[in-house]
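Encoded as structure tokens, the structure appears first; notes follow it.
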Amino acid sequence: MDDFLQYLSSEKRYSKHTIAAYRNDLLQFGAFLKSAYDMEDWNAVETPQIRTWLVEILNDGLSETTVNGKLTALKSFYRYQLKQEKIEKNPTFGLVRLKQKKRLPIYIQEHQVNNLLSETYDQEDFESFRDRIIIELLYATGVRVSELVNLKIQDLNLDQKTIKVFGKGNKERIVPLTDNASSLLVSYQKLKTAILPQPSENLFVNLKNQALTRYKIYQIVQHFLMQTPIDKRSPHVFRHTFATHLLNNGADLIAVKELLGHSSLAATQVYTHNCIVKLKQTYETAHPRA
């Protein structure tokens, strides 16, 4: 397994987060083999054993999306084993992904975002100010949490009001900043320099001058979203909100695709469903015979 994970890192250039997820999935499958079949040799696995595991974890209440993710990890692992000639037959061949239920992206209503961003905060307190700007930036740019934690000071161009973002596959894109986000970042930089005389190159840091972790960003977002009625409170909600609000207000779908850093238009089109829902609601409210 270690060779496979190293391959994902060095050749496939997967993120640490993805590699950790693959590792956990493989370890879980290994534990199942040991428990159910008293089996430790993964290269002796056959298709029915994998199918049994998938059925078991589905019956345990895991979603189709989660089960498909685990199947993807196994398929990738056994393709690697076949390529390395450690097995003669791929046991995942013929196993198909489960059909997933289509779910609309969860987003925050515009008036709720306005209320959220209009709340007062302590502009002299470094952590309070930093957290407020993180929320502002997530909504203003639609960046992923992994992209946010990796932002560097040099990625800012406050004169042109843009930010350079490195997305999946280290693909670079330039995202515009709102006037308010740009202004707040100028003030944040001044406060950061005053509090931390020798700040690191990382844009968002703690009081020890260390880059914030993904977990910390999740905590910040969950705190801010406690007052909203949505059930899911993660940084990705702001990405969904960013895209949905742009499309609701007339933005071009291809432009939104570029802003989000999507590799295909299909990934962006999911947000058009939210727009259709809004149109239907407007129709039902306004049409005399709806």
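Ala73 and Phe4 get closest at one heavy-atom pair: O-CZ, 4.4 Å. Summarising the geometry of Tyr14 relative to Ile19, their closest heavy-atom pair is O-CD1, 3.7 Å, with the distance given to 0.1 Å. Residue Ala243 comes nearest to Val256 through the heavy atom pair CB-CG1, 4.1 Å, listed as atom of the first residue, atom of the second, then distance. Here the shortest heavy-atom pairing between Val205 and Tyr188 reads N-OH, 3.8 Å.
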(message) Would Phe242 and Val143 count as a side-chain contact (heavy atoms from CB on, under 4.5 Å) here? Give the steps.
(response) CA-CA 9 Å; Phe242 167 82; Val143 294; over 6 Å; no

(request) With side-chain contact (heavy atoms from CB on, under 4.5 Å) as the test, would you mind laying out the steps for Lys216 and Asn206 before giving the verdict? (result) CA-CA 10 Å; Lys216 180 61 179 177; Asn206 57 26; over 6 Å; no

(request) Quick one: do Leu33 and Trp53 satisfy side-chain contact (heavy atoms from CB on, under 4.5 Å)? Show the steps, please. (result) CA-CA 8 Å; Leu33 289 177; Trp53 179 58; over 6 Å; no

(message) Quick one, Phe166 with Asn150, criterion side-chain contact (heavy atoms from CB on, under 4.5 Å). Give me CA distance, side-chain angles, the key distance, then yes/no.
(response) CA-CA 8 Å; Phe166 293 91; Asn150 288 322; over 6 Å; no

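Within the 4.5 Å cutoff, the side chain of Thr213 has no heavy atoms near those of the Val149 side chain. Within the 4.5 Å cutoff, side-chain heavy atoms of Phe32 are placed close to those of Thr52. Counting heavy atoms from C-beta on, the side chains of Asn209 and Asn202 never come closer than 4.5 Å. Side-chain atoms of Met39 and Lys34, non-hydrogen and from C-beta on, never get closer than 4.5 Å to each other. Here the side chains of Thr162 and Val175 are not in contact, with every heavy-atom distance at 4.5 Å or above. Under the 4.5 Å side-chain criterion, counting only non-hydrogen atoms from C-beta, Asp125 is not in contact with Arg130. Ile108 places none of its side-chain heavy atoms less than 4.5 Å from the side chain of Tyr139.
Evaluated for a side-chain contact (heavy atoms from CB on, under 4.5 Å) with Lys86, the options Glu88, Lys83, Gln84 yield exactly one hit, Gln84.
A distance-only check finds no donor-acceptor pair linking the side chain of Arg214 to the backbone of Val145 [under 3.5 Å]. With Thr47 contributing its side chain and Pro91 its backbone, the two residues share a donor-acceptor pair below 3.5 Å. Here the side chain of Ser182 pairs no donor or acceptor atom with the backbone of Asp179 at under 3.5 angstrom. Remark: the backbone N or O of Leu62 is not paired with any side-chain donor or acceptor of Asp60 at under 3.5 angstrom. Thr241 places a side-chain N or O within donor-acceptor distance of the main-chain N or O of Val237, the cut-off being under 3.5 Å. With hydrogens and angles ignored, the 3.5 Å screen pairs a side-chain donor or acceptor of Thr141 with a backbone N or O of Leu137. No donor-acceptor distance shorter than 3.5 angstrom exists from the side chain of Lys171 to the backbone of Ser263, with no hydrogens or angles considered. No side-chain donor-acceptor contact under 3.5 Å links Lys161 to the backbone of Asp159. The backbone N or O of Glu127 sits nowhere less than 3.5 Å from a side-chain atom of Arg132 that would complete a donor-acceptor pair. With hydrogens and angles disregarded, a donor-acceptor distance shorter than 3.5 Å links the side chain of Thr72 to the backbone of Asn68.
Ring geometry, His245 versus Tyr107: the interplanar angle exceeds 60°, so the pair is classed perpendicular (tilted spans 30 to 60°). In this structure, Phe77 and Trp42 have perpendicular ring planes: the angle between them is above 60°, well past the 30° mark. Between Tyr78 and Phe29, the ring planes lie perpendicular to each other; the angle is over 60°, past the 30° to 60° tilted range.
By the salt bridge (Lys or Arg N to Asp or Glu O under 4.0 Å) test, Asp155 is found to be paired with no residue, residues two or more places apart in sequence or in another chain being considered. Taking the side-chain hydrogen bond (donor to acceptor under 3.5 Å, both in side chains) definition, one finds that Thr92 meets it with Asn90, sequence neighbours left out. Annotation: side-chain hydrogen bond (donor to acceptor under 3.5 Å, both in side chains) contacts of Thr18 (sequence neighbours excluded): Ser15.
Side-chain heavy atoms closer than 4.5 Å link hydrophobic residues (I, L, V, M, F, W, Y) into clusters, and following such links, possibly through other members, connects Leu158 to Val165. Residues Phe204 and Tyr215 do not share a hydrophobic cluster, defined by chaining ILVMFWY side chains whose heavy atoms lie under 4.5 Å apart. Linking ILVMFWY residues whenever their side-chain heavy atoms come closer than 4.5 Å, directly or via other members, leaves Val55 and Ile57 in distinct clusters. Put simply, Met1 and Tyr7 are part of the same group of oily side chains (I, L, V, M, F, W, Y) that touch within less than 4.5 Å, one to the next. Residue Leu184 is grouped with residue Val186 when hydrophobic side chains (ILVMFWY) are merged at heavy-atom distances under 4.5 angstrom, including chains of intermediate members.
Annotation for Phe93: atom CZ does not count as buried by contact number, only 12 or fewer foreign heavy atoms lying within 6.0 Å. Around NZ of Lys168, the count of heavy atoms belonging to other residues, nucleotides or ligands within 6.0 Å does not exceed 12. Other residues, nucleotides and ligands place no more than 12 heavy atoms under 6.0 Å from the CD1 atom of Ile254.
With values rounded to the nearest 0.5 angstrom, Arg51 atom CZ is found 10.5 Å from Leu71 atom CG. Of the inter-residue distances, the one linking Gln222 atom CD with Ile217 atom CD1 reads 11.5 Å to the nearest 0.5 angstrom. We find the OG-CG distance between Ser76 and Asp25 to be 11.0 Å, quoted to the nearest 0.5 Å. Note that the CD atom of Gln219 and the CG atom of Asp131 stand 10.0 Å from one another [nearest 0.5 Å]. Here Arg239 contributes atom CZ and Leu138 contributes atom CG; the two are 10.5 Å apart, rounded to the nearest 0.5 Å. Residue Leu177 holds its CG atom at 11.0 Å from CD of Gln160, rounded to the nearest 0.5 Å.
Remark: the Asn249 side chain and the Glu110 side chain contain an N/O donor-acceptor pair separated by less than 3.5 Å.
For the pair Glu258 and Arg173, the salt-bridge criterion is not met [side-chain N within less than 4.0 Å of a carboxylate O].
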